[in-house]
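Read the structure below first, then the notes.
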Protein chains: 8
Amino acid sequence: MSSNFTYDRLDKDKAMLLVIDLQDGLYLISRDRGPVQFKANILAHAELGKIFNLPTILTTSAQTGPNGPLPAEILAMHPDAPLIERHGEVNAWDNSDFRAAIKATGRTQVILAGITTDVCAAFLALSLREAGYSVFVHSDASGTFDQRTAIAAEDRMRAAGVQVLSLFAVACELMRDWRNTPGTNEMMPFFDKYLPEYGFLARAHDAALQGGTPSGLPKAS
Amino acid sequence: MSSNFTYDRLDKDKAMLLVIDLQDGLYLISRDRGPVQFKANILAHAELGKIFNLPTILTTSAQTGPNGPLPAEILAMHPDAPLIERHGEVNAWDNSDFRAAIKATGRTQVILAGITTDVCAAFLALSLREAGYSVFVHSDASGTFDQRTAIAAEDRMRAAGVQVLSLFAVACELMRDWRNTPGTNEMMPFFDKYLPEYGFLARAHDAALQGGTPSGLPKAS
Amino acid sequence: MSSNFTYDRLDKDKAMLLVIDLQDGLYLISRDRGPVQFKANILAHAELGKIFNLPTILTTSAQTGPNGPLPAEILAMHPDAPLIERHGEVNAWDNSDFRAAIKATGRTQVILAGITTDVCAAFLALSLREAGYSVFVHSDASGTFDQRTAIAAEDRMRAAGVQVLSLFAVACELMRDWRNTPGTNEMMPFFDKYLPEYGFLARAHDAALQGGTPSGLPKAS
Amino acid sequence: MSSNFTYDRLDKDKAMLLVIDLQDGLYLISRDRGPVQFKANILAHAELGKIFNLPTILTTSAQTGPNGPLPAEILAMHPDAPLIERHGEVNAWDNSDFRAAIKATGRTQVILAGITTDVCAAFLALSLREAGYSVFVHSDASGTFDQRTAIAAEDRMRAAGVQVLSLFAVACELMRDWRNTPGTNEMMPFFDKYLPEYGFLARAHDAALQGGTPSGLPKAS
Amino acid sequence: MSSNFTYDRLDKDKAMLLVIDLQDGLYLISRDRGPVQFKANILAHAELGKIFNLPTILTTSAQTGPNGPLPAEILAMHPDAPLIERHGEVNAWDNSDFRAAIKATGRTQVILAGITTDVCAAFLALSLREAGYSVFVHSDASGTFDQRTAIAAEDRMRAAGVQVLSLFAVACELMRDWRNTPGTNEMMPFFDKYLPEYGFLARAHDAALQGGTPSGLPKAS
Amino acid sequence: MSSNFTYDRLDKDKAMLLVIDLQDGLYLISRDRGPVQFKANILAHAELGKIFNLPTILTTSAQTGPNGPLPAEILAMHPDAPLIERHGEVNAWDNSDFRAAIKATGRTQVILAGITTDVCAAFLALSLREAGYSVFVHSDASGTFDQRTAIAAEDRMRAAGVQVLSLFAVACELMRDWRNTPGTNEMMPFFDKYLPEYGFLARAHDAALQGGTPSGLPKAS
Amino acid sequence: MSSNFTYDRLDKDKAMLLVIDLQDGLYLISRDRGPVQFKANILAHAELGKIFNLPTILTTSAQTGPNGPLPAEILAMHPDAPLIERHGEVNAWDNSDFRAAIKATGRTQVILAGITTDVCAAFLALSLREAGYSVFVHSDASGTFDQRTAIAAEDRMRAAGVQVLSLFAVACELMRDWRNTPGTNEMMPFFDKYLPEYGFLARAHDAALQGGTPSGLPKAS
Amino acid sequence: MSSNFTYDRLDKDKAMLLVIDLQDGLYLISRDRGPVQFKANILAHAELGKIFNLPTILTTSAQTGPNGPLPAEILAMHPDAPLIERHGEVNAWDNSDFRAAIKATGRTQVILAGITTDVCAAFLALSLREAGYSVFVHSDASGTFDQRTAIAAEDRMRAAGVQVLSLFAVACELMRDWRNTPGTNEMMPFFDKYLPEYGFLARAHDAALQGGTPSGLPKAS
């Protein structure tokens, strides 16, 4: 058997992470996910860079205007990351400081999330593809006006060879094996915080280990 | 403090259970729930009568025609229940055999589910209210053309004092206490079959008790 | 003008707060809201008791079984609140310790949230109404199998005179005036955490005050 | 690194804008977006031609019949644009006057919106692709019977290399930099009118600059 | 025949109109309707006061903070209306200036719209009902976090005798007869602006009168 | 047992049928149901009057304007029914000819459907309730801007004691027994035309009777 | 400019039309569109063959079993079309009579609709693509268990080069020009029947021509 | 005619079936389908291996932790299938025992279903594609956090040449002809259990054969 498909798989040693315009003001116009979930997702995005020790670049668009600054939590997580303030360019790739920061990482895989998905994220993703990078758009941490716009933007990116991944997929493709570092000890608290359905499953499991009593179901069910 | 509200609560010693036209053919026009779930719900409805030993009455509308017979599973569960075959009356209350069967139970609370919600279930529920019965419509086991029609029919019944209950509410209001009989031993297998999200929660719990290992979450989470 | 309607309005000096079976396992079967949002909502519910210093009562159903314990965060917020562990009663009102705890508060308004909405919350709410209490169901912090089941359960409670309120409504009806205590200083951080669309609006506003530049819109727009 | 992907990016000096059958009557059968939003979107589409000074071509299908004329607002915006009245051809490309008007622009990128998406827009887009043009369908300003039909039509166009863009993406890809002309001064009022969630964000920001008071949030949040 | 139901019908000589906290910032957290439609609806609400010459009262909550000022368009429509700035009270009825302004109108029917539906609109509506007013909530111009919250808030108000009306219902119940003033001449342009599906129907109709040609349908269809 | 609820049940000898503004133009702004289904529903509504020989009254609002005439099919079904053309009154009850036509029927139950649900149908329904009539709104044949508006309008009517019924409920409550006239022979073709899921069930059943072969399922399933 | 895209456009002289298992019984399991609309769509599909005089082939799967016969209306429209009864093959292409009938048409473009989309339609479409045919799946006239299944099946077909078209797109791509035959005279009645939003637009337009009066809108709107 | 498309069609003699992490705990976080339906789908998946006698491989991820064991029903169906317990690898292809088990089957087509779709299923599917296998993802039996995540994951797999199939498509493509073995006798009971809308159609048909009476429809309908 043979195949001409190559699985371009995230590798924590090849990847960088970009935070694109996930700004306090722009957050308010992102409505393709609920606001509580979307806030959690953008913090999770930033935290992945920290947990996996990925070169991380922050950028903003006109942050003294209505778009606002990045969330304080993200700035606190990445005090040493370059923060490229763009004063006009919509597409971050049009900013030479940003391009230089990207190149300085020496990495070839780009994980990015941005607001809005169809503009700030998509324009950059297409430019990165043209420049030869592997591009992984973290869909859960990208936002735009409505779900239909988001999906159409993702389709535009897919047509350029971009891979569109969920939070769980980004995290697990980076981790690969629960026995790695980061692995169980780092990622279980991460999932407990950002994917609480998984966290509460683990909490209920651990509670059972600490003095649980049988459910009453017959054995074989 | 005082209140002029009385909680008319299901009581397994006062309740009867009615299976109204849950026929093989009519099932095919019920589209306010997915077909796999709806089939499970109507079997669950019938099984509640068996588990709680409630007087149970079956009725059908023109069952040799397109409406078809009752599901074989329901007939097998209630071999001795009266089956009132109606040959014309849409509202079962218009059939004197049916009225007699209701009265013969000596019960005052009626749990019913029917297809369609807006016709066979609603017409009967309204007649039962007029006749003085407490009426509990089991919503999950009633079906009709679409969800909006179902909800409007439930609103019509509510305006007549009918209570509209979910499968879980009917079951738990009848059981009242997990230490009763029927209680844990009877109801856990029932929920495992008909509310599998609850069943799988119990299965995962029991598996943890039989050799589980910690999740890796820190203790206090 | 006259009216026979009396606005039964939450009063922080008359209200108590109940946490009904918001357990780690039961959380997993609650699907009428997304899991990230629902976790935030149940923590917000518990935190309201703390912020407004309301008498707070916790109760669980069979917590050593699959239902699991209460979330660690809630237990940590209310170390001194009574925790009534029910070992069989579905309706907490059927438990005499729970009834005693309610009565011991001396309060007449009950704010409650529970899993599931249609069983643990609804059964108790109906019993409380019968006992003469004013009942406010905090809808955002109650969960059940699906949205249709939730709304039907809320309708059942409304028919008994229960008021169904959102998180924002519970919080604001308790606060009444931003100049009160709790008021702006206590509630803005609360909303920043639990209603982040409001929090980010405030963040963007504050950022504008600290060095913002005009948007470019003409003045009069 | 290398890539065989070329980012075919809108360029205001290469692009033309087409208004395809956005007629008063056909508007009434477009139901994949709400009518208030859809009217705003089609006016925004026409206004983009004006703001960016793009060669603009209007065409209609049987406009004295039920399809009706173009909206008065569009005609008023483009008094000098060619208006090709088609008296039979469904696909505007089958009309030689229309083809001539296209060629006369000397442009190679086509931005188009039409009613219906699956017929008037899609047929033309496919013909334009065959003729070698870069085609950008402005999805927000195209309408059809329902959302599923719209998306399937967009998929058909994507398979032919058409790019499907939102209003915000078309506008920003044309503008590229807020410091350009058109830039902030032209586009902020445009967004205030057509993307009011962005406009109100700017309004609230500007209001804060003109005498706002702190929100009460602690500094670091 | 007799009935104990009285149709409490809007009367332009008995009604006042309230604009409750429809502020630029709060608009951004209103997500139960699309933003383009919601902006149109709140402007329509304010314009109804002008067209029908209703006593109109504006009020805001903490308008120098994140909630922001009222939209410039609304202020421009009502330069002489009282604008009650509340500096703390959530429920406008708790503000004595507001109560005085209401009473000063001498009217008994209140048409109101507010953000959020569940707090600013609902709290006031309930207080107005208690004070004996007829209350008509203009649902299309009220907004909140999501649709489920909106509908639950409307249900709470209905239980207090509030009538919940659409934009079209408010407008037509005030107009009553197209031959009145305001009537056709005033309301057709209003509907053209705010209910464009009706406006485009009229436009297409008028176009037919000005030189239309037959559709090709046979006569009798 | 006793009850103070009276089931106000449709009776073909007491009922009249009203066609309220189901006009060709207004049909185009009705979007709470798909257009194919809605057309079928309004024809079904009119046909019920014919099948059950109910006194039927037609009325239109400004039918030479954009609202348009009644569908040709409805006029053809009721050549002798009074057609009250209103030249200004929104609420048909405000038209004395219409009131006279209603009274002339001598009937006390009114089945009505109208466009829009929230205006033409609701205003009339409320007036009819005030005048003492039993009112049955045929929901499936009433239409308005969107589903949320429709349901809110139905809730307003319910609060006045109006009963909101589906097509199937209206038809079956009038028929009562399949052995009546109209009964099986009249209603099966009606359902085949207007509720084709029921019609195709009957067709498949009849086909089985005319030479069907077993499905291959084992007997007992 | 050049392009390597060829627009494979329907041509009434190259196309054939297939009716694949649109049987009375299978219709009952098709739930991705409402039943009234779906019945209309499958009749429209068959009628297109008749109007455009396309070679038409009917086929059924086990039609004496539960799947049932084709609808009587379709058989009546195509009394002379070959009807290939398959007694086992799921994929019609596996039936040699069917393959022969296809080949006998001498056509290269295949328009097909089938139940279910994911099995009977998709399997055949993929086989036809492998055999070199141009394949146009008429999506509106194909049905399956739910919408997600339908769309996934269409994606599978798209990946094989199948074009997925709406009813309006199939009809208009075949007609091309309203001045052709079939053209206005044939297609307007067709659309009046099957796309009634378009039909009613034409009816309202024609009514305006026959004595309409102005809407009251000012001229320029 | 020619085509460069090859229909890669499931062949029961070339296919193997994989059960990927369909574990009791992970089931609880799968919310893109209702829980009753999803449980049925995963059992159906496993049963297909048994009915078609496909080489079947089971694998789990950390099954003594919160993910839990495989459902007892699946283990009972496949007592002799290899069960590869992974103790760390997220992507089963990273486990050498699993790779060996795959290779040992000697098959080239892989049918797989997994939880979650975007991680356990997608990662493996992409690796299998790289290794040259034909991959068929059984979508109905795969689950993840929500529907949007599921569809995006399926799109990622499609881009790698994976085919995404429904339960009905997998079953019918394996069966090919109802006269085969497995054929009618094996598959009708299977569909009765897992696609009950098809099962009840068959039941109603068989009931008609056993004493049905005509529906009352006229012959020709």
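Each chain gets a letter, A, B and so on, in the order the sequences are listed, and its residues count up from 1.
Remark: side-chain polar atoms of C/His205 are not paired, donor with acceptor, to backbone N or O of D/Ala204 under 3.5 angstrom. Put simply, the side chain of C/Asp206 never gets that close to the backbone of D/Pro214: no donor and acceptor are under 3.5 Å apart.
Remark: D/Lys14 NZ is loosely packed, at most 12 non-hydrogen atoms of other residues, nucleotides or ligands lying under 6.0 Å away.
In this structure, CZ on D/Phe191 lies 12.5 Å from OG on C/Ser215, to the nearest 0.5 angstrom.
Between C/Leu217 and D/Ala202, the shortest heavy-atom distance links the atoms CD1-CB, 3.8 Å. Residues D/Leu209 and C/Thr213 approach most closely at CD1-C, 3.5 Å, considering heavy atoms.
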